[in-house]
J.: 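Provided herewith is a single structure, encoded as structure tokens, for subsequent inquiry.
The analysis underlying the following values was restricted to heavy atoms, covering all of them including side chains, and did not include hydrogens, waters or symmetry mates. Fair warning: this is a prediction, and the values are worked out from it, not measured in the lab.
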Amino acid sequence: MQENVCEAQIIEQIFRTVAPQLRNYLYYRCSSIERANDLVQDAFAKLWEKCKDVTPGTAKSFLYTIAKNMMLNLVKKDNVRYNFASSYDGETLNNENPEFNMEYNEYKVKLETAIAALPEGQREVFLMNRIDKLTYREIAERLEVSQKAIEKRMHKALVKLKDILHGY
């Protein structure tokens, strides 16, 4: 008979060893510690639901697969919300000059493209600072690097964005 993870002590052992690594993996992907913690809890809830089908040897890969899929689903939902909000913002500008609307939309696309083109570290720091309103110190603590490293990444990101958006 093959062993599964339905016993509380087995799942507790797996939680102690896998949860911190899984949380960090998710945090680095979605840059939100709250979201990462929620996804870890949801993944372990799914493991508990499917405990009869999962062996202790496959529990880690099961958790990573479930958590990654849940994160991707959240990203898809966020993109839908973002696209809806973006289209709604465009509707509020319809009373403005059509030329202004066109320039605004072009600039918005160019800005989003420029941000997406930043290297991951720079983009992450830029968005954490500008969107999440985190200070350099808070970002440094979350990413477990020095504040100087954050300042350098932010400076490089701003220089690149300025170069790309220079014409606007």
Side-chain angles (χ1 to χ4, degrees), residues 1-89 108 111-158 160-161:
M1 185 173 132
Q2 195 171 17
E3 190 176 295
N4 58 37
V5 295
C6 289
E7 294 179 33
Q9 61 204 47
I10 293 174
I11 208 157
E12 187 178 324
Q13 172 73 25
I14 293 169
F15 182 81
R16 276 185 273 159
T17 58
V18 176
Q21 299 167 357
L22 183 59
R23 188 200 67 224
N24 289 343
Y25 168 78
L26 294 167
Y27 173 59
Y28 299 149
R29 299 293 180 276
C30 65
S31 71
S32 167
I33 196 71
E34 293 85 14
R35 182 172 268 185
N37 284 329
D38 289 345
L39 288 168
V40 169
Q41 289 178 356
D42 292 344
F44 272 91
K46 189 63 101 176
L47 175 64
W48 186 250
E49 289 173 13
K50 303 282 185 182
C51 69
K52 291 179 183 173
D53 303 328
V54 181
T55 65
T58 61
K60 184 176 180 178
S61 63
F62 176 86
L63 287 165
Y64 272 82
T65 302
I66 292 296
K68 184 181 89 174
N69 289 337
M70 288 178 176
M71 182 189 64
L72 293 174
N73 288 337
L74 281 176
V75 167
K76 285 179 187 175
K77 287 178 185 176
D78 287 349
N79 285 339
V80 169
R81 287 185 194 118
Y82 175 75
N83 289 336
F84 175 77
S86 296
S87 67
Y88 182 75
D89 286 344
K108 190 170 150 187
L111 178 62
E112 290 170 357
T113 304
I115 291 172
L118 291 172
E120 185 177 343
Q122 292 175 17
R123 182 178 59 249
E124 184 176 39
V125 168
F126 179 81
L127 293 174
M128 289 174 91
N129 178 256
R130 300 301 163 107
I131 303 297
D132 295 337
K133 305 291 186 211
L134 298 176
T135 65
Y136 290 172
R137 190 177 80 216
E138 291 169 331
I139 296 169
E141 289 172 2
R142 284 195 180 179
L143 298 181
E144 297 177 349
V145 296
S146 71
Q147 186 172 332
K148 280 290 187 193
I150 298 302
E151 291 170 6
K152 187 173 182 178
R153 288 181 192 179
M154 186 62 153
H155 174 74
K156 286 183 174 184
L158 292 173
K160 277 190 181 178
L161 289 174

J.: Any non-hydrogen side-chain atom of Ile66 less than 4.5 Å from a side-chain atom of Leu47?
T.: no

J.: What pairs with Lys133 under side chain to side chain contact (heavy atoms under 4.5 Å, CB included), at least two apart in sequence or on another chain?
T.: none

J.: List the residues meeting side chain to side chain donor-acceptor pair (under 3.5 Å) with Thr58, not counting sequence neighbours, and say none if there are none.
T.: Thr55

J.: To the nearest 0.5 Å, what is the distance between CZ on Phe44 and CD1 on Ile11?
T.: 7.0 Å

J.: Atom CG in Asn73, atom CE in Met70: separation rounded to 0.5 Å?
T.: 8.5 Å

J.: Please list every donor-acceptor pair under 3.5 Å in which a side-chain atom of residues 134-148 meets a protein atom from a residue at least two apart or in another chain.
T.:
| residue | atom | partner | partner atom | Å |
| --- | --- | --- | --- | --- |
| Thr135 | OG1 | Glu138 | N | 3.1 |
| Thr135 | OG1 | Glu138 | OE1 | 3.4 |
| Glu138 | OE1 | Thr135 | N | 2.8 |
| Ser146 | OG | Ala149 | N | 3.1 |
| Gln147 | NE2 | Glu151 | OE2 | 3.4 |

J.: Side-chain donor-acceptor contacts of residues 15-24 below 3.5 Å, not counting sequence neighbours, with atom names and distances?
T.:
| residue | atom | partner | partner atom | Å |
| --- | --- | --- | --- | --- |
| Thr17 | OG1 | Gln13 | O | 3.1 |
| Thr17 | OG1 | Ile14 | O | 3.2 |
| Gln21 | OE1 | Lys60 | NZ | 3.3 |
| Asn24 | ND2 | Pro20 | O | 3.4 |

J.: Are the side chains of Phe126 and Leu161 in touch, meaning some heavy atoms are under 4.5 Å apart?
T.: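 Phe126 vs Leu161: side chains touch.
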
J.: Got a sec, which residues hit salt bridge (Lys or Arg N to Asp or Glu O under 4.0 Å) with Glu49, two or more places apart in sequence or on another chain?
T.: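 Listed in chain order: Lys46.
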
J.: Would you compute the distance between atom CG of Asn69 and atom CG of Leu39 and round it to the nearest 0.5 angstrom?
T.: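 The distance works out to 11.0 Å.
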
J.: Picking from Met154, Lys156, Lys160, what satisfies side chain to side chain contact (heavy atoms under 4.5 Å, CB included) with Leu158?
T.: Met154

J.: Mind checking what makes side chain to side chain contact (heavy atoms under 4.5 Å, CB included) contact with Lys68, not counting sequence neighbours?
T.: Tyr25, Leu72

J.: Between side-chain atoms of residues 115-125 and protein atoms elsewhere (two or more places apart, or another chain), which donor-acceptor pairs fall under 3.5 Å?
T.:
| residue | atom | partner | partner atom | Å |
| --- | --- | --- | --- | --- |
| Arg123 | NH1 | Ala116 | O | 3.3 |
| Arg123 | NH1 | Leu118 | O | 2.8 |

